[in-house]
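Read through the structure below, which is laid out as C-alpha cells, and then see the notes.
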Amino acid sequence: MRRTLFAFAVLILGGCASATLPLPYTPAAAPAQEPIARASLAMGEVTDRRDIRDRRWVGNIRDGFGTPLKRLRSDLPVDTAVDRAFREGLLRRGLLAPVQGARLRLDIVIDALDANQLSRREARVVLRPALVEVASGAHLWTTEMRVERVEGRATLTPAGVYGSLEDLHALMVRVLAEAVDKVLDDPGLREALRRAPRGG
C-alpha cells in the first residue's frame with residue numbers, strides 16, 4: 001500500500017528521475033590476443049548519428065501513456081563512450097596502435113544506441129564500422145552491426161516507477177559490449193586486416 005501511494009505521488013508530481021552512469025566495455029569473456037596485431041590499427045572517428053539533442057541520452061522508463069518517468073544518461077557523450085569501448089576492445093586484443101604513423105584506422109558511425117522499458121527491458125546498438133586505409137582514405141571493409149536484446153517478464157501493466165534504471169543500465173552495457181565484440185571479431189574485418197598492404 002505504501003509503495004502504491006509513493007508511485008501515485010510521483011505520477012501526480014510529474015517527476016522524472018534520472019541516473020547518469022558510465023558505459024564501460026565489459027565483455028562476457030576475455031578477448032583473445034591476435035597474431036595480426038602487427039596490422040597497426042588505430043581508432044578513428046566515432047560519429048553519433050542518432051536523431052536526438054541530448055548526446056548523453058541513453059533511454060527512458062515510461063508509463064502507460066509513453067511519458068518518461070525515469071531517464072538514463074551516459075556520464076560521457078555517447079560517441080566518446082563508444083570510442084573508449086572500442087579502444088579498450090582493440091587494446092585487449094593486441095590490435096590498438098597509436099594514431100600517429102598508423103596505416104589503418106577504424107571509423108564508427110552510431111545509428112542507434114538506446115535502452116528503454118515500458119513493460120520489458122529493451123536495448124539496442126546499431127553501428128556502421130569501416131576499416132580505412134589512412135593514406136588513401138579507401139574503405140577496405142565496412143558493414144552494419146546490429147545487436148538487440150529484450151529481457152524481463154512481459155506484463156499487462158507498464159513498469160513505470162517500479163522499473164529499475166540500474167537493471168536497464170546493466171542491459172545497455174551488455175549490449176554495447178556485445179556489439180563491440182561482434183565488430184572486432186567479425187571475419188570480414190579480420191580478413192581485411194590480413195590483406196591490408198604492409199608498410200615498408
If hydrophobic clusters are built by linking Ile, Leu, Val, Met, Phe, Trp and Tyr wherever their side-chain heavy atoms come under 4.5 Å apart, do [X] and [Y] end up in the same one?
{"X": "V180", "Y": "L21", "result": "yes"}
{"X": "V132", "Y": "L184", "result": "no"}
{"X": "Y25", "Y": "L23", "result": "yes"}
{"X": "L90", "Y": "L140", "result": "yes"}
{"X": "L91", "Y": "V82", "result": "yes"}

Test item: [X] side-chain N/O and [Y] main-chain N/O as donor-acceptor pair under 3.5 Å:
{"X": "S74", "Y": "P77", "answer": "no"}
{"X": "K70", "Y": "S164", "answer": "no"}
{"X": "N116", "Y": "N60", "answer": "yes"}
{"X": "T47", "Y": "V109", "answer": "no"}
{"X": "R190", "Y": "D186", "answer": "no"}
{"X": "D111", "Y": "L127", "answer": "no"}
{"X": "E133", "Y": "A135", "answer": "no"}
{"X": "D54", "Y": "R56", "answer": "yes"}
{"X": "H169", "Y": "A115", "answer": "no"}

Hey, could you give me the [atom1]/[atom2] distance between [X] and [Y], rounded to the nearest 0.5 Å?
{"X": "D48", "Y": "W57", "atom1": "CG", "atom2": "CH2", "result": "11.0 Å"}
{"X": "L193", "Y": "L95", "atom1": "CG", "atom2": "CG", "result": "6.5 Å"}
{"X": "R103", "Y": "R105", "atom1": "CZ", "atom2": "CZ", "result": "14.0 Å"}

Which atom names give the shortest non-hydrogen contact between [X] and [Y], and what distance separates them?
{"X": "L76", "Y": "A81", "answer": "CB-N, 4.4 Å"}
{"X": "V125", "Y": "A179", "answer": "CG1-CB, 3.7 Å"}
{"X": "A85", "Y": "L176", "answer": "CB-CD2, 4.4 Å"}
{"X": "D181", "Y": "P27", "answer": "OD2-CB, 3.6 Å"}
{"X": "R121", "Y": "L168", "answer": "CD-N, 3.8 Å"}
{"X": "T142", "Y": "P129", "answer": "OG1-O, 2.9 Å"}

Answer yes when [X] and [Y] have at least one side-chain N-carboxylate O distance shorter than 4.0 Å, and no when they do not.
{"X": "E88", "Y": "R84", "value": "no"}
{"X": "R87", "Y": "D83", "value": "yes"}
{"X": "R128", "Y": "E144", "value": "no"}
{"X": "E178", "Y": "R174", "value": "no"}

**OP:** Just do the side-chain contact (heavy atoms from CB on, under 4.5 Å) check on F86 and L96 with the steps written out, would you?
**Re:** CA-CA 9 Å; F86 270 96; L96 184 64; over 6 Å; no
Original post:
Do L104 and L131 touch side chain to side chain, with heavy atoms closer than 4.5 Å?
Top reply: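 With C-beta onward as the side chain, the pair touches.
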Subject >> Side-chain heavy-atom pair V46, D107 within 4.5 angstrom cut-off >> reply: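 In short, these two side chains do not touch, never coming nearer than 4.5 Å.
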**OP:** Test side-chain contact (heavy atoms from CB on, under 4.5 Å) on V78 and R50 and set out the steps.
**Re:** CA-CA 10 Å; V78 165; R50 300 178 304 158; 3.2 Å; yes
Original post:
Between R124, R149, R71, R73, which is the residue that forms a salt bridge (Lys or Arg N to Asp or Glu O under 4.0 Å) with D114?
Top reply: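 Result: among R124, R149, R71, R73, R124 is the only option passing the salt bridge (Lys or Arg N to Asp or Glu O under 4.0 Å) with D114.
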Subject >> Stepwise side-chain contact (heavy atoms from CB on, under 4.5 Å) test for L118 and R62 >> reply: CA-CA 5 Å; L118 184 61; R62 301 177 182 273; 4.2 Å; yes
Original post:
With a cut-off of 6.0 Å (strictly less than), are more than 12 heavy atoms of other residues, nucleotides or ligands near CZ of R55?
Top reply: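 Yes.
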